[in-house]
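Scope of the values below: all heavy atoms of this structure, side chains included, with no hydrogens, waters or symmetry mates. Just so it is clear, the model here is predicted, and its values are computed rather than measured.
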Amino acid sequence: EKAAGKTDEAVKTLEKFIGNEIKNSGAMRGANILAQLYAAQGNGAKALHILELIHQKISLVDNVIELNGLTVQLGDKCYEKQQYKEALACYRYAYPREQIIRLQNERIAAMQKQIEDNLAAVRANPAEITTLAARNNEIKSDIANAQKLLADFAKLPTITPAIYLRLARCFYELDRKWESIVVDQEILDRFHNNPEREPALFGLIVALA
């Protein structure tokens, strides 16, 4: 009961902090936590709403790779609680591999531009050198971390078939058998050496039956 009370208190605090729009990186971090708390409470609709707010301000996300993992995680929690409509919507927000790489590269490029802008500001006003030099060092560290995350992610197998399999299962539970068949068939047609092929084939047979 104490744990539940603390969770409710944390939810209320984060709701006030975020409001109806995510305006900065601090609010973005809070939104990620709030979405997880909603999902843990079994409130899939509210978790999905926060996920929508997050994706409206994707440029404020520090780690797109982590966000993608969270998105799938939220979908899984909704699915476990038989909130299939919300789970389906969460899975649809999950990015394919190519888009994750593009977004992460765009974030790295934006940080590199910030360094260049800070250097230009120092040339215009040398008195700012101490503050901006420290800021540039922080940004360089963030860039190095982002590049490492991207390099590690690039080594991982594609997550697309795993997301497709989740979509197919949601469609089946929502009695949208045709959509489930189409997605399972897509896995079989496109991903010839992935472990998702076997459950996709099983799901296809069940849906056809």
Side-chain angles (χ1 to χ4, degrees), residues 6-7 9-40 46-76 89-163:
K6 287 181 179 178
T7 299
E9 188 177 332
V11 166
K12 288 177 183 176
T13 301
L14 287 168
E15 285 174 341
K16 289 179 182 177
F17 178 52
I18 295 162
N20 296 319
E21 182 184 2
I22 299 171
K23 297 178 180 177
N24 52 52
S25 57
M28 179 60 76
R29 287 190 287 272
N32 276 266
I33 296 169
L34 182 57
Q36 293 176 70
L37 291 175
Y38 279 146
K46 285 191 174 181
L48 178 59
H49 173 65
I50 296 298
L51 194 59
E52 289 169 352
L53 293 182
I54 289 171
H55 280 268
Q56 285 171 12
K57 294 295 180 72
I58 195 69
S59 62
L60 293 174
V61 173
D62 288 332
N63 187 338
V64 180
I65 298 167
E66 188 178 77
L67 171 63
N68 220 52
L70 171 64
T71 301
V72 175
Q73 211 175 67
L74 291 175
D76 288 348
C90 286
Y91 294 141
R92 281 176 160 164
Y93 271 114
Y95 291 128
R97 179 193 189 88
E98 300 75 16
Q99 194 169 1
I100 292 174
I101 292 171
R102 179 178 62 78
L103 286 168
Q104 192 74 347
N105 278 324
E106 286 176 358
R107 179 171 175 266
I108 291 168
M111 288 191 287
Q112 288 171 334
K113 186 179 184 303
Q114 184 62 56
I115 288 176
E116 293 166 7
D117 290 346
N118 287 345
L119 290 172
V122 168
R123 287 193 291 271
N125 184 5
E128 294 288 327
I129 188 167
T130 303
T131 302
L132 293 177
R135 178 61 187 136
N136 274 359
N137 285 334
E138 290 176 10
I139 297 171
K140 286 176 183 176
S141 177
D142 290 341
I143 289 173
N145 289 334
Q147 288 173 331
K148 186 180 184 306
L149 283 169
L150 185 56
D152 290 343
F153 176 76
K155 296 173 186 174
L156 298 174
T158 178
I159 58 171
T160 301
I163 294 171

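Between Ile22 and Gln56, every side-chain heavy-atom pair lies at or beyond the 4.5 Å cut-off. Two residues are said to be in side-chain contact when any heavy atoms from C-beta on lie closer than 4.5 Å; Ile101 and Gln104 fail this criterion. For the pair Tyr95/Ile58, a side-chain contact is recorded, criterion being any heavy-atom separation below 4.5 Å from C-beta on. Residues Leu70 and Glu66 are not in side-chain contact: their nearest non-hydrogen atoms beyond the backbone lie 4.5 Å or more apart.
Residues Ala27 and Lys23 share a closest heavy-atom pair of CB-N, 4.1 Å. Smallest separation of non-hydrogen atoms from Gly30 and Ile18: C-CD1, 3.6 Å. Of all heavy-atom pairs between Ile50 and Ala35, the closest is CG2-CB, 3.9 Å. The shortest non-hydrogen separation linking Ala47 to Ala39 is CB-N, 4.0 Å.
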Practice problem: Assess whether side-chain contact (heavy atoms from CB on, under 4.5 Å) is satisfied between Met28 and Ile54, documenting all intermediate values. | Solution: CA-CA 7 Å; Met28 179 60 76; Ile54 289 171; 3.7 Å; yes
Quiz item: Where do Leu103 and Arg107 land on the side-chain contact (heavy atoms from CB on, under 4.5 Å) test, with the steps shown first?
Solution: CA-CA 6 Å; Leu103 286 168; Arg107 179 171 175 266; over 6 Å; no
Practice problem: Please lay out, stage by stage, how Ile139 and Asn136 fare under the test side-chain contact (heavy atoms from CB on, under 4.5 Å). | Solution: CA-CA 5 Å; Ile139 297 171; Asn136 274 359; 4.1 Å; yes
Quiz item: Does the pair Lys12 and Glu15 meet the rule for a salt bridge (Lys or Arg N to Asp or Glu O under 4.0 Å), with working shown?
Solution: CA-CA 5 Å; Lys12 288 177 183 176; Glu15 285 174 341; over 6 Å; no
Quiz item: Given His55 and Leu67, is the side-chain contact (heavy atoms from CB on, under 4.5 Å) satisfied, shown in steps?
Solution: CA-CA 10 Å; His55 280 268; Leu67 171 63; 4.2 Å; yes
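Counted within 6.0 Å of CG on Leu119, heavy atoms from surrounding residues, nucleotides or ligands total more than 12; the atom is thus considered enclosed. Atom CG of Asn20 sits in a sparse spot, with 12 or fewer heavy atoms from other residues, nucleotides or ligands closer than 6.0 Å. In the displayed structure, Gln147 atom CD is contacted under 6.0 Å by more than 12 heavy atoms of other residues, nucleotides or ligands.
In this structure, the separation between CD on Gln36 and CG on Asn32 is 6.5 Å, given to the nearest 0.5 Å. Between the CD1 atom of Ile163 and the CD1 atom of Ile159 there is a distance of 4.0 Å, given to the nearest 0.5 Å. The structure places OG1 of Thr71 at 14.5 Å from CZ of Arg92, a figure rounded to the nearest 0.5 Å. In this structure, CG on Asn145 lies 12.5 Å from CG on Leu150, to the nearest 0.5 angstrom. Atom CG of Leu132 sits about 11.0 Å away from atom CG of Asn137, to the nearest 0.5 Å. Here the CZ atom belonging to Arg29 is positioned 12.0 Å from the CG atom belonging to Asn63, to the nearest 0.5 angstrom.
For the 3.5 Å distance criterion, the side chains of Gln114 and Asn118 qualify, holding a donor opposite an acceptor.
At distances below 3.5 Å, not a single donor-acceptor pair connects side-chain atoms of Asn68 with backbone N or O atoms of Val64. Side chain of Lys46 to backbone of Tyr38: no donor-acceptor contact under 3.5 angstrom is found. A donor-acceptor pair is defined here as one N or O able to donate and one able to accept, closer than 3.5 Å; such a pair exists between the side chain of Arg97 and the backbone of Ala154.
With respect to the salt-bridge test (charged N to carboxylate O, under 4.0 angstrom), the residues Glu106 and Arg102 qualify.
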